[in-house]
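Have a look at the structure below, then the notes.
Below, all heavy atoms of this structure are taken into account, side chains as well, without hydrogens, waters or symmetry copies. In the text below, chain A, chain B and the rest are named by the order of the sequence lines, each starting its count at 1.
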Amino acid sequence: MPWSILELMRNEPEVLKEHIKKRQLEPSIVDSAVALDSRWRAILTKINELRHHHNVVSSEITRARGEERRKLIEEARSLKNSLEEAERELRAIEEERMKAIRGLPNVVEDGVPVGGEEASVPIRFWGKPKVYKDYVVSFEEQTEKYGFIPNYEIIDFKPVGHADMLENVLKLADTLKAGEVSSSRFYYLFDDIVWLDFSLLLFAIDRLTSKGYSLVLPPYMLRYGVINSVIDLETFKDAIYKIEGEDLYMIATAEHPIAALYYNEEIYDDELPKKYVGFSPAFRKEAGAGNRDLKGIFRVHQFHKVEQFVFSLPEESKKYHEEIIGNAEEIFRELGLPYRIVNIASGDLGACATKKYDLEVWMPSQGKFREMVSASNCTDWQAYRLNIRLIRRKGMVRDYVHTLNSTGIASTRVITAIIENYQLPDGSVVVPKVLRRYLEPFERAPKEVIKPRMVRP
RNA sequence: GCCGGCGUAGCCUAGCCUGGUAAGGCGGUGGCCUCGAGAGCCACUGGGCUUUGCCCACGCAGGUUCGAAUCCUGCCGCCGGCGCCA
């Protein structure tokens, strides 16, 4: 079976346009892709005919002698000229066609709310958020408006924001010095916060490997052709760092190298699903972020991440999409961080995703739910570009696998959530119980509480 | 980084010197046979197109030639040796 988007583009372009409109993109990109594709196919047919003729003449040369041979060679030469001209014509259009086709986003799954960012809808809530008394109205707007009445606790003290906590209360981060020696959105973290970072990663790795996901430490850099197959142009522009003078790009998440694990390979249906949990640092330019979240460590150029990744049968990808968001929810429930799950609106989906769930944790000092996890079903969009085929043994039918990815833990973001949710009025931060067993082996690691310091270490 | 060897279909392998249009095996799929299984036999088993057919594909990209897996150039990767290195 060919790639689903190409099939749709050729057979039902109007349907594909509806999907593009839902994403608030220009539907005419389909028309230009279709036009380039038909033109390309017409030239290709012409070339095939010329090549055939040329092949026939060439094979006659083998047997011919004398004058006849001389004439045949002359004919082959002239065919070669017409062929080269047609090939130039094809090359002229080929790259443009490929760009147009690769520029097409995935379709939008049924049930995804249609509209821009504001159209995204929370679909479930968990936990008992701590709501500072002045934020109660705003909290209700973020819950009751969608028909949910979660249980919450009103608190009298306003927790200090994570950036001030880290820099001025706990004194366990230095973003000013990092800004000076690297640039903004970098950080130094110290002692208890570093232990916290590692324990979060180990906790997520422990949970996910227990569920049968294979642990993988992937390459942190990829070639252009590979990384460009995993992500869309927007992500590339806004997120990806390049190594000067080499064909290497730094990954923005382990999703990229794990997706590439089967680059140009075939997977038999009885080997699926393949489930992985990857660990890697994540490097992001955050070029499109402007001044947003400039303070602290919520939005940074570099952090640690545990990632879930699944290669699945096409008919099972929806099931695994629910599974990976479910795994992430389990992790956040065990951490005791109140969250909501949001079904992301069509206009806010990445080009790869047909549907996306975000997990957003309640941040008491900001009075908002903030994104901690993003779980996407990419169906065959990445697999087509990476050329990862699925072979169904019954009848040896060739198809494309489906790929899915979800955050497990993104260290710095979860640290901000812990600092805001586990903060006591005296400025100390309680260590979530579930992390303690990962801190226990280390003499100097915090076990129960992280206390404010007088001076930065 | 330097020197040498290698790269052929899902896998293994022949062809390369001496240019004439990819041979064989394994695995897989379907069928015949069988009460059933096995064995045996037959067909199929990379991509594309306007699909009884045709075109393309021998790591990738160029070049020479009527014709390139084969000859030439550059690049990538793997293996071995030397050098460097946490």
Side-chain angles (χ1 to χ4, degrees), chain A residues 1-11 13 33-98 100-102 217-229 242-249 257 260-272 274 281 311 313 380 383-401:
Chain A
M1 232 171 280
W3 182 41
S4 62
I5 304 292
L6 192 62
E7 204 173 30
L8 200 58
M9 182 193 94
R10 285 179 178 170
N11 302 330
V34 168
L36 285 163
D37 186 53
S38 352
R39 176 106 186 94
W40 176 82
R41 289 205 277 177
I43 300 170
L44 190 63
T45 303
K46 187 167 90 183
I47 285 177
N48 280 345
E49 283 161 4
L50 282 166
R51 278 176 179 162
H52 176 57
H53 196 174
H54 184 259
N55 281 347
V56 170
V57 174
S58 271
S59 65
E60 280 167 4
I61 291 173
T62 312
R63 293 186 298 273
R65 292 290 175 272
E67 177 64 10
E68 196 198 348
R69 184 184 173 93
R70 201 192 56 75
K71 275 168 73 180
L72 285 172
I73 288 179
E74 200 44 55
E75 192 186 351
R77 226 175 237 145
S78 110
L79 278 169
K80 190 77 189 293
N81 284 339
S82 329
L83 187 57
E84 273 168 7
E85 197 190 315
E87 280 172 343
R88 270 194 296 277
E89 216 180 324
L90 190 74
R91 264 198 301 275
I93 198 174
E94 205 159 39
E95 196 182 327
E96 218 182 328
R97 168 190 178 260
M98 207 54 211
I101 287 175
R102 285 173 69 112
L217 192 93
Y220 299 164
M221 300 177 204
L222 294 170
R223 296 180 194 285
Y224 174 82
V226 175
I227 198 162
N228 186 45
S229 302
K242 183 185 190 328
I243 302 296
E244 179 71 31
E246 307 211 28
D247 180 27
L248 284 174
Y249 295 79
L261 183 57
Y262 291 92
Y263 184 59
N264 280 335
E265 288 195 32
E266 300 176 332
I267 304 179
Y268 287 88
D269 52 3
D270 50 17
E271 299 168 44
L272 292 172
K274 287 178 178 287
F311 297 91
L313 288 170
D380 62 355
Y384 168 73
R385 295 158 66 105
L386 287 163
N387 194 27
I388 304 176
R389 306 303 303 248
L390 160 68
I391 300 183
R392 298 182 190 271
R393 293 217 181 253
K394 179 94 182 155
M396 293 300 274
V397 177
R398 295 173 71 81
D399 206 335
Y400 287 97
V401 301

(message) Can you tell me how the ring of A:Tyr400 sits relative to the ring of A:Tyr384, calling it parallel under 30°, perpendicular over 60° and tilted otherwise?
(response) perpendicular
(request) Starting from C1' on B:G10, measure out to CD1 on A:Ile388 and report it in whole angstrom. (result) 16 Å
(message) Nearest 0.5 angstrom please: A:Asn228 CG to A:Arg385 CZ, how far?
(response) 5.5 Å
(message) Whether the side chain of A:Arg393 engages the backbone of A:Asp269 through a donor-acceptor N/O pair (distance < 3.5 Å, no angle test) should be reported.
(response) no
(message) Just the rounded figure in Å: distance from P of B:U21 to CG of A:Asn55.
(response) 12 Å
(message) Between A:Ser59 and A:Lys394, which residue's closest nucleotide on RNA chain B lies nearer the 5′ terminus?
(response) A:Ser59
(message) What's A:Asp247 touching, base or sugar-phosphate or nothing? Going by heavy atoms closer than 4.0 Å.
(response) nothing
(message) Between B:U65 and B:G24, how far apart are the two P atoms, rounded to whole Å?
(response) 34 Å
(message) Just the rounded figure in Å: distance from C1' of B:C56 to CG of A:Leu50.
(response) 15 Å
(message) Rounding to an integer number of angstrom, what distance separates B:G59 and B:C12 when you compare their P atoms?
(response) 13 Å
(message) Checking side-chain contact (heavy atoms from CB on, under 4.5 Å) between A:Val401 and each of A:Asp380, A:Ile388, A:Ile391, A:Leu313, which is the one that passes?
(response) A:Ile388
(request) Please measure how far the P atom in B:U8 lies from the corresponding atom in B:A69, and state the result in whole Å. (result) 15 Å
(request) Mind checking which stems touch RNA chain B? I mean at least 3 consecutive Watson-Crick or G-U pairs, both distances under 3.5 Å. (result) B:1-7 with B:76-82, B:10-12 with B:24-26, B:27-32 with B:40-45, B:46-49 with B:53-56, B:59-63 with B:71-75
(request) Using whole Å, report how far CD1 of A:Ile391 lies from C1' of B:C44. (result) 14 Å
(message) Between A:Lys71 and A:Glu60, does any side-chain N to carboxylate O distance fall below 4.0 Å?
(response) no
(message) So that I can tick it off, tell me whether A:Glu84 and A:Arg91 are bridged by a salt bridge, with the cut-off set at under 4.0 angstrom between side-chain N and carboxylate O.
(response) no
(request) Using the P atoms only, state how far B:A68 lies from B:C56, rounded to an integer number of Å. (result) 9 Å
(request) Let me have a per-nucleotide readout for nucleotides 45-52 of chain B, 5' to 3', with B, S or -, counting only protein heavy atoms under 4.0 Å. (result) -SSBSB--
(message) Check for me whether A:Arg223 meets the cation-pi criterion with A:Tyr249, that is, NZ or CZ under 6.0 Å from the six-membered ring centre and within 45 degrees of the ring axis.
(response) no
(request) Quick one: pull up CD1 in A:Ile101 and CD in A:Glu96 and give me the separation to the nearest 0.5 Å. (result) 11.5 Å
(request) Check A:Ala76 against A:His54 and note the closest heavy-atom contact, atom names and distance. (result) O-CD2, 3.5 Å
(message) Give me the distance, rounded to whole Å, that separates B:A14 from B:C26 when you measure between the C1' atoms they each carry.
(response) 15 Å
(message) So if I define the base as every atom that isn't primed, P, OP1 or OP2, how would nucleotides 59-76 of chain B read as a B/S/- string at a heavy-atom cutoff under 4.0 Å?
(response) ------BBS--------S
(message) I'd like to check A:Tyr262 versus A:Leu386 (side-chain heavy atoms, cut-off strictly below 4.5 Å). Are they in contact?
(response) no
(request) Would you mind checking if A:Arg77 and A:Glu74 are paired as a salt bridge, meaning a charged N to carboxylate O distance below 4.0 Å? (result) yes
(request) Would you kindly give the CG-to-C1' distance between A:Asn264 and B:G77, to the nearest whole Å? (result) 13 Å
(message) Work out how far the C1' atom of B:G83 is from that of B:C3, and round it to whole angstrom.
(response) 11 Å
(message) Rounding to an integer number of angstrom, what distance separates B:G63 and B:C11 when you compare their P atoms?
(response) 29 Å
(request) Return the value, rounded to whole Å, for the distance between atom NE2 of A:His52 and atom P of B:G53. (result) 12 Å
(request) Could you tell me whether a side-chain N or O of A:Arg69 sits under 3.5 Å from a main-chain N or O of A:Ile61, the two making a donor and an acceptor? (result) yes
(request) Could you give the distance separating B:G77 and B:A61 at their C1' atoms, to the nearest angstrom? (result) 15 Å
